[in-house]
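When a ligand or atom number is given, it counts from 1 through the structure's own listing order.
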Amino acid sequence: MPRQTLTTLRRLKEAGEKICMLTAYDASFARVVDDAGVECILIGDSLGNVIQGHDSTLPVTLDHAVYHTECVVRGAPQSFIVADLPFGSYQVSPEQAYASAARLMAAGAHMVKLEGGMPMLKTVRFLSQRGIPVCGHLGLTPQSVHALGGFRVQGQQPDARALMLEEAKRLEQAGADMIVFEMIPASLAAEITAAADAITIGIGAGPDCHGQVLVLYDMLDVFPGRKARFVRNFMAEGGSIRDAIDRYVRDVKAGKFPAPEHSFR
Ligand code: KIV
């Protein structure tokens, strides 16, 4: 199969076919995810939690992200590769963001992801005008977990909802081709998606985004501890890692995942 590109992903969106994304951090898992037909692989800074054992994503450095991106790219010949810009590697200035993003792109990423709305518009424009595809990330943004007061649903109050609608639109106008929405009401994700040119990807954002993402180690239940409401343990239903990922792809494509019990109001 030829590699997924922004063009093939946009075609899926236009055709109404759900887009599957999973995280991966190494070549072996990336190979299984890629073989299973997951269109996008995210080298998430969740690697700080699931690979490094930290209780947040904040200690992840650009060197870590570059290393894991190189590993994943070697294992994934078909997927579209999105790499997270880690905390502290892009917030200072658009120039700092460009220098960091350039390292991830040179490592083999096809797009970089950054967290935040209004304060990031200039940076998103700067990167996209210079040929670096950008994925935004709104809602629960884990790099701001301390400012947000913990891992909680975002966009539930009318003013927060209105702000997120505006931020999504402005990110898109600044050049973001994809936006991840984490832990927001399903109705808000549906409203944003209905008006979006960018590809919307949900995690705890209901069934109506153009695509879905989960942290691989959560959906395979290898990461210990209590799971967020939006996580389904696909390993409990399948006999192997490959079977669990196949089931994820099947259920996302069929609109069966996420179900109401994985969503927020
Ligand atoms: O770091 C990550 O894995 C992410 C996903 C949760 C979207 O940003």
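At least one heavy atom of His137 sits less than 4.0 Å from an atom of ligand 1. The closest approach between a heavy atom of Glu115 and any atom of ligand 1 is not below 4.0 Å.
Using modelled atom types and a 3.5 Å distance limit, the side chains of Asp208 and Thr193 yield no donor-acceptor pair. Remark: the Tyr248 side chain and the Glu237 side chain contain no N/O donor-acceptor pair separated by less than 3.5 Å. Under 3.5 Å, the side chains of Lys13 and His210 contain no donor-acceptor pair of N or O atoms.
Scanning all protein heavy atoms for the shortest distance to atom 3 (O) of ligand 1 gives Ser46 OG, 2.6 Å. Counting protein heavy atoms only, atom 5 (C) of ligand 1 is closest to Leu42 CD2, 3.7 Å.
Residue contact check: Gly44 has heavy atoms under 4.0 Å from atoms 1 (O), 2 (C), 3 (O) of ligand 1. The distance from ligand 1 to the heavy atoms of Lys113 drops below 4.0 Å at these ligand atoms: 4 (C), 8 (O). Close approach of ligand 1 to Ile203 (heavy-atom distance below 4.0 Å) involves ligand atoms 6 (C). Every atom of ligand 1 with a heavy atom of Asp84 under 4.0 Å away is listed here by number and element: 1 (O), 2 (C), 8 (O). Each of the atoms 3 (O) of ligand 1 lies under 4.0 Å from some heavy atom of Thr23.
Side-chain contact between Arg74 and Thr69 is absent, with no heavy atoms from C-beta onward closer than 4.5 Å. Looking at Arg161 and Gln156, their side chains never come closer than 4.5 Å, going by heavy atoms from C-beta outward. Asn233 is not listed as a side-chain neighbour of Met219, based on a closest heavy-atom distance of 4.5 Å or more.
Where the criterion is an N or O separation shorter than 3.5 Å, residue side chain and backbone included, Tyr25 fails it with respect to ligand 1.
Contact annotation: for Val215 versus ligand 1, heavy atoms closer than 4.0 Å belong to the side chain alone.
A salt bridge between Arg103 and Glu70 is absent, with no side-chain N of the basic residue lying under 4.0 Å from a carboxylate O of the acidic one. A salt bridge is absent between Asp218 and Arg232: the closest approach of a Lys/Arg side-chain nitrogen to an acidic carboxylate oxygen does not fall below 4.0 angstrom.
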